[in-house]
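Beneath this line is the structure, given in structure tokens, with notes to follow.
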Amino acid sequence: MNAVHAELVLRQGDFRLDVAFDIPAGSVLAILGPNGSGKSTVLGCLAGLLSPDRGSIVVDGRALTDVHRRVLVPPEARKVGLLAQDPLLFPHLSVLDNVAFAPRSLGASRAVARERAVRWLSEVDAEDLAGRRPAQLSGGQAQRVAVARALAGDPGLLLLDEPLAALDVDAAPAIRGLLRRVLRSPGAAPAAVLVTHDPLDALSLADQVVVLAEGRIVEQGATRDVLSAPRTPFTARIAGVNLVGGIATAGGLRTEGGEVISGLPADDVVVGEPAVAVFAPAAVAVYPAGAAVTGSPRNAAKATVATVAPHGDLVRLHTGGDGQWAAGLTADLTPAAVAELALEPGSEVRLVVKTTMVRVHPVRSAG
Amino acid sequence: MNAVHAELVLRQGDFRLDVAFDIPAGSVLAILGPNGSGKSTVLGCLAGLLSPDRGSIVVDGRALTDVHRRVLVPPEARKVGLLAQDPLLFPHLSVLDNVAFAPRSLGASRAVARERAVRWLSEVDAEDLAGRRPAQLSGGQAQRVAVARALAGDPGLLLLDEPLAALDVDAAPAIRGLLRRVLRSPGAAPAAVLVTHDPLDALSLADQVVVLAEGRIVEQGATRDVLSAPRTPFTARIAGVNLVGGIATAGGLRTEGGEVISGLPADDVVVGEPAVAVFAPAAVAVYPAGAAVTGSPRNAAKATVATVAPHGDLVRLHTGGDGQWAAGLTADLTPAAVAELALEPGSEVRLVVKTTMVRVHPVRSAG
Amino acid sequence: GDRGVPLNVFAAASLAESFGALGRRFEQDNSDVDVRLNLAGSATLAQQIVEGAPADVFASANESTMETVVAAGRAARPAVFATNSLTIVVPAGNPRDVRSLADLTGAGLTVVVCAPEVPCGTATEQVERSAGAELTPASEEQDVKAVLNKVVAGEADAGLVYVTDATAAAGKVDSVAITEAAAAVNSYPIAAVEGSAQAEAARRFVDFVLGSAGREELGRAGFGTP
Amino acid sequence: MRAGVPRVLWIPAVLALALVLLPVAGLVVRTDLARLPRLIAAPAALRALELSLTTAAMSTVACVLLGVPLAVVLARTRVRGVRVLRAVVLLPLVLPPVVGGLALLYLLGRNGFLGYVLDVTAGVRVPFTTAAVVIAQTFVAMPFLVVSLEGALRGGGDSYERVAATLGARPWTVFRRVTVPLLLPALGSGVVLSFARALGEFGATITFAGSLEGVTRTLPLEVYAQSQADVDSAIALSLLLIVVAVLVIAIARPRALEGAYASGGGGR
Amino acid sequence: MRAGVPRVLWIPAVLALALVLLPVAGLVVRTDLARLPRLIAAPAALRALELSLTTAAMSTVACVLLGVPLAVVLARTRVRGVRVLRAVVLLPLVLPPVVGGLALLYLLGRNGFLGYVLDVTAGVRVPFTTAAVVIAQTFVAMPFLVVSLEGALRGGGDSYERVAATLGARPWTVFRRVTVPLLLPALGSGVVLSFARALGEFGATITFAGSLEGVTRTLPLEVYAQSQADVDSAIALSLLLIVVAVLVIAIARPRALEGAYASGGGGR
Ligand SMILES: Nc1ncnc2c1ncn2[C@@H]1O[C@H](COP(=O)(O)OP(=O)(O)OP(=O)(O)O)[C@@H](O)[C@H]1O
Ligand SMILES: Nc1ncnc2c1ncn2[C@@H]1O[C@H](COP(=O)(O)OP(=O)(O)OP(=O)(O)O)[C@@H](O)[C@H]1O
Ligand SMILES: [Mg+2]
Ligand SMILES: [Mg+2]
């Protein structure tokens with residue numbers, strides 16, 4: 001059963017949104033797309049802040065919006081949590097009371113709500129800001145508090161609009177990890193929609209991806225499929241990475257075929273759980289099939305060149321399938337290298353990837 | 001002569017800012033630092049929106065702020081342009097009039113101001129939004145308009161607080177390029193201060209870097225020096241890249257020593273101008289000194305291992321100086337690779353870097 | 001008429017109707033004059049004249065306010081042109097069967113009178129004293145019209161107002177004559193204002209009010225003659 | 001740091017202040033200050049003052065309790081006809097107070113539609129009571145509160161209210177915890193306006209409630225009565241009214257109603 | 001979509017509306033509607049109406065020209081003593097209008113401090129002219145505008161004004177292009193309040209300007225004069241006043257003063 005089914009048609013001035021998607025129960029949908037493609041508008045519809053001109057939104061079998069049948073459940077009755085693009089913290093409440101707002105609204109006592117607020121604040125590493133007014137926060141601090149506020153309501157459907165914007169290099173992975181924990185907490189995980197410009201967020205948080213352009217869905221599917229084989233130029237620009245699935249090991253990942261890829265595990269990788277190795281086509285070096293691997297790179301595998309095609313100023317190589325992990329990968333090379341190695345479809349090659357260029361991310365079992 | 005000299009002490013609640021820095025004439029200073037470290041506060045002081053408790057700000061020999069002498073030039077008389085963290089577009093004005101606001105305020109006629117506004121809007125690729133109200137923009141569209149508005153005033157000192165936040169993968173490089181053009185336009189370039197969390201912004205836009213932590217400067221210097229040899233963990237986390245300077249060529253860069261590094265030139269590289277090749281330590285593969293280079297990677301050079309030290313779960317290698325470009329570089333390897341190659345200080349090695357992992361950026365002649 | 005020199009007549013508000021008619025008649029006889037009434041409470045008018053208002057004629061609803069104007073040197077030799085006395089008004093049909101002042105002292109009757117500070121209140125006190133009746137009013141109103149309105153609205157069972165007010169409201173209220181009313185006859189003095197730019201026309205108007213035309217109009221409104 | 005105020009604005013601002021201050025100053029100058037203490041300390045004056053303060057306070061409370069909801073309904077609902085209702089609220093603003101008093105009398109008086117019902121069913125008669133004073137003052141003062149709040153509500157927009165709804169707050173919670181707190185500065189102004197209007201109320205009160213010392217004779221009524229006999233004492237009483245009102249407003253006006261909240265985080 | 005209005009709020013809101021509407025309805029019911037057209041069409045009534053509308057419009061303009069700057073100065077400067085000035089502005093609110101009129105008479109009358117100077121130097125005598133009506137109305141109505149604007153100014157904060165300053169706008173430009181436009185919804189309310197107050201002004205006008213037909217006798221004064229003879233015709237005239245005021249306010253109130261701007265970009 002799908003947790004969320006949405007069909008939305010909405011005009012805003014010249015802009016027309018026309019999308020339909022499903023989110024399977026307990027899974028996370030990432031929405032990617034250029035500025036102004038309608039990502040926030042979709043979240044607005046889901047949250048009940050915008051009323052579509054046509055269409056419906058069904059969550060867990062309950063129609064929240066149904067234009068035809070004149071159903072429009074108000075936002076507060078939707079059990080959604082919206083982290084909007086603008087933090088919009090209540091200026092008159094302390095940080096603590098901002099975060100306690102949702103629990104309070106849902107009926108928790110003052111003490112319980114504050115306790116939960118403190119917990120969420122410490123989750124986003126902002127417990128020392130509890131007594132401040134929003135006007136006394138920096139941009140990144142406000143964003144972290146907004147994340148805590150959206151999570152504190154324990155929503156059944158969590159809507160996150162660029163949750164990691166404005167965060168520094170330490171806070172961003174920490175919050176990403178927090179979101180992962182929340183979105184994958186066994187049993188209690190809410191369905192979620194995540195708007196992001198960062199493919200890494202999509203990879204590490206979402207099962208499904210929808211790519212919007214000018215209000216329409218141009219690409220849709222499992223995160224790994226969409227990101228590893230982008231079919232639109234936009235998706236290719238934000239993604240276009242090599243993904244190899246398997247089971248996490250201490251220093252990397254074991255593929256279904258039993259091969260080992262060594263890579264750097266992300267913080268939240270659990271050994272023995274499903275994981276995916278991610279590396280850029282640019283990081284794949286190509287050697288003649290017979291060359292000895294004598295250097296530092298840990299990962300090397302035989303493959304056959306399937307296609308060779310120009311890709312901007314570079315040449316993009318796809319490898320064919322022969323069972324090894326190096327099958328179905330993409331490598332970006334300079335034309336000079338291609339010429340020198342005389343690469344053409346059918347060439348036998350050896351692909352080499354440095355361990356340090358490979359990130360291993362956990363994936364959802366569903367994915 | 002320095003364009004800007006600033007010494008600032010300011011308390012805000014528990015937070016205490018205490019910084020001093022100079023910006024040489026016509027150059028760009030990047031401010032890096034974790035959330036809440038005081039970056040926006042510094043910009044606020046420079047813009048005249050905040051009044052420090054102690055200290056002074058001198059721009060082009062003119063004291064804008066001098067607490068001791070009770071000087072506090074109001075914001076409008078400072079010839080600064082501030083792009084704040086929150087776009088804060090005027091809600092009652094159209095996008096066009098928002099951008100035309102600064103020229104109008106500085107005395108341009110309505111027609112001239114609008115004409116300039118249209119030009120700036122097209123620079124940020126938002127000319128089709130000209131007739132909209134800010135409430136009808138998406139987050140990224142609003143950010144682009146805010147950039148145009150800040151630039152349209154032709155300020156003598158440009159203050160940019162995370163100018164590329166909320167932008168999509170196409171818009172971000174485009175705006176980065178625009179800022180480069182503005183900040184380096186010969187003769188007319190304003191001095192600028194750029195707050196960012198992205199080392200690439202700092203590299204491509206700034207000559208100098210200041211790293212703040214808890215209101216204090218913890219690192220300061222030329223961008224390349226600071227980013228390539230970070231002395232604090234925070235800087236190391238956001239930067240820690242290899243940088244090799246030289247003169248841009250068609251497919252890369254020629255070092256002072258006449259060696260050629262092949263890499264992917266950024267959009268705004270001009271052949272024959274100073275440039276820098278940037279690549280991550282993780283992208284550097286290490287081979288025994290005698291190994292033949294038979295594969296796709298274009299860049300290979302001899303070097304001597306100077307130091308070998310653990311770096312998180314990896315091992316970080318520094319190479320010693322023997323005149324080649326491979327001297328003074330950093331490479332991150334797995335412990336397994338280090339063991340297999342028996343690397344230790346003094347080992348002769350061959351460093352290999354794929355062209356596609358090397359980005360070539362223009363640098364300021366001053367840098 | 002709109003033509004002619006303006007003659008500013010400052011008249012107590014209770015004279016609104018009579019003086020309106022008198023002014024029109026005067027204009028018919030004197031086409032060179034445009035009578036302009038300034039209607040307000042006597043005290044306000046006196047205050048305005050003392051402060052240098054461009055008044056030509058002052059007609060007051062009581063003698064004490066005229067005295068303040070005379071004392072300030074802005075009027076001389078006032079003459080009484082009308083009198084007024086109190087009467088009881090009750091809602092039409094006299095449902096509580098009020099016959100005399102003494103009937104108003106009974107319990108359960110809502111009576112309103114004027115406050116002692118205003119002329120009709122002073123008169124009320126005098127009448128009470130001479131009748132030996134002590135009223136316990138529900139309200140001491142600031143002017144006689146307020147008293148009348150309360151009775152018209154049926155809010156009060158009885159009120160003490162001037163005969164002229166009762167006359168004006170005839171049909172909506174019944175009046176019950178007070179035998180002791182003679183104890184407090186209120187006199188309305190009129191005078192030309194000193195320093196008036198229209199001294200001659202002002203004198204003519206004063207004479208007109210004091211004359212037969214005045215007596216006729218004022219009598220119609222229920223005023224007594226001096 | 002605050003945004004600067006254009007210098008030129010000081011010219012009309014000072015003119016405006018002068019328009020307000022000079023007449024009052026003139027009044028003070030003309031007052032026989034030697035007699036002042038005796039006039040002010042008169043028992044009638046003090047009782048009138050006390051009555052004025054209590055009734056004005058009560059009607060201000062009534063204005064807030066009734067007016068805030070009305071303002072929110074007018075500003076936040078998009079039912080057709082709200083525009084008409086908005087105009088209706090203005091009626092008491094324009095009605096000459098005496099006529100307003102008559103209207104109340106016609107409604108709540110013994111023969112009035114509602115007054116008759118009240119009298120017959122509950123034996124309650126409203127006119128000539130202190131309650132009537134409060135009603136008259138509320139009738140006259142409430143529109144000031146409603147109109148000023150409505151302007152603020154529409155000016156402020158409802159983005160925070162929408163955020164609160166997405167956090168699960170039901171409309172009542174949103175109202176209590178978001179709408180009202182954010183409205184406080186405007187509410188402060190509205191309370192001042194309606195308190196001042198109630199305190200100065202004259203025409204409707206005298207017409208509807210009458211004027212009986214200690215029961216319905218508020219200070220403005222006392223002032224008017226005095227002005228008929230003795231202008232100086234009327235002026236003295238007015239000065240008393242002014243001083244008390246300004247003190248009450250300047251002191252009692254809660255600090256909370258003063259400050260504004262800077263706009264959300266990060267936008268420095 | 002707008003934020004929902006709590007249902008419970010409808011109860012006090014409807015009560016508030018009833019408090020406003022029922023008395024007026026009662027008034028209408030009691031009016032002798034057959035006589036109405038003749039009463040209203042009387043030349044005196046029409047002249048009074050015309051005078052009322054012109055003077056109220058003029059004094060509203062004066063209120064805006066003087067009051068907006070004063071409100072901005074009060075809300076945006078942090079000179080010591082501003083708190084005192086804020087209280088001073090309230091004076092005319094509290095002053096019984098009759099006493100306010102006296103105060104103006106004492107200032108601008110022939111014997112008054114300023115009136116004497118004006119008379120001697122320029123030969124200008126203010127009282128009992130139409131100008132005096134406008135002055136009296138402005139004196140009484142301006143505080144309503146100032147207080148309501150000040151609340152809105154402080155509630156709104158000054159972040160946009162600061163942004164404007166960083167874009168090189170001098171204070172006057174900021175005022176004209178940012179402060180005032182953002183203030184429009186509150187200004188709309190303030191204008192309505194002061195227009196209504198000016199239109200209904202009685203006490204200060206009759207005292208300071210007198211009640212001369214065609215010159216200073218505005219509709220409320222005409223109502224008073226009529227009420228001396230015939231309460232019914234006074235009520236009819238009041239209804240005329242109400243209808244005209246509501247029409248003027250509902251129709252003339254510019255649309256621009258109605259709408260609010262949603263908060264800045266991106267925050268949907
Ligand atoms: N009220 C409106 N009137 C007209 N157009 C509007 C309105 N509101 C939004 N739009 C347009 O709708 C489109 C979708 O906006 P939306 O905010 O959903 O974009 P987004 O995908 O979230 O972009 P971003 O990445 O910049 O946040 C944009 O092109 C925007 O300009
Ligand atoms: N009014 C205030 N009162 C107390 N503390 C304040 C106030 N304003 C800002 N601060 C604190 O000052 C510090 C610096 O804030 P600033 O906005 O300069 O940070 P920043 O470096 O810009 O951070 P970010 O990357 O999150 O934007 C923060 O710790 C913030 O909490
Ligand atoms: Mg968006
Ligand atoms: Mg900041």
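Neither the backbone nor the side chain of D:T216 has a heavy atom closer than 4.5 Å to any heavy atom of chain C. With a 4.5 angstrom heavy-atom cutoff, C:Q47 touches chain D only via side-chain atoms. Neither the backbone nor the side chain of C:T68 comes within less than 4.5 Å of any heavy atom in chain D.
Contacts with chain C were tallied for D:A209, D:P127, D:S211, D:G109; D:S211 has the most, counting heavy-atom pairs under 4.5 Å. Annotation: maximal heavy-atom pairing with chain D below 4.5 Å, among C:A153, C:A146, C:G41, occurs at C:A153.
In this structure, C:E17 places its CD atom where only 12 or fewer heavy-atom neighbours from other residues, nucleotides or ligands lie under 6.0 Å away. Dense packing is recorded around CZ of D:R35, with more than 12 heavy atoms of other residues, nucleotides or ligands lying under 6.0 Å away.
C:K150 and D:I206 make their closest contact through NZ-O, 2.9 Å (heavy atoms, listed as atom of the first residue, atom of the second, distance). Here the shortest heavy-atom pairing between D:L221 and C:Q142 reads O-NE2, 3.5 Å. Smallest separation of non-hydrogen atoms from C:S139 and D:G210: OG-CA, 3.1 Å. When all heavy atoms are compared, the tightest approach of D:N111 to C:G154 is ND2-CA, 3.4 Å. What you find for D:A225 and C:E117 is that their closest heavy atoms are O-CB, 3.2 Å.
Side-chain atoms of C:E155 and D:T207, non-hydrogen and from C-beta on, never get closer than 4.5 Å to each other.
Between C:T110 atom OG1 and D:R125 atom CZ the span is 6.0 Å, to the nearest 0.5 Å.
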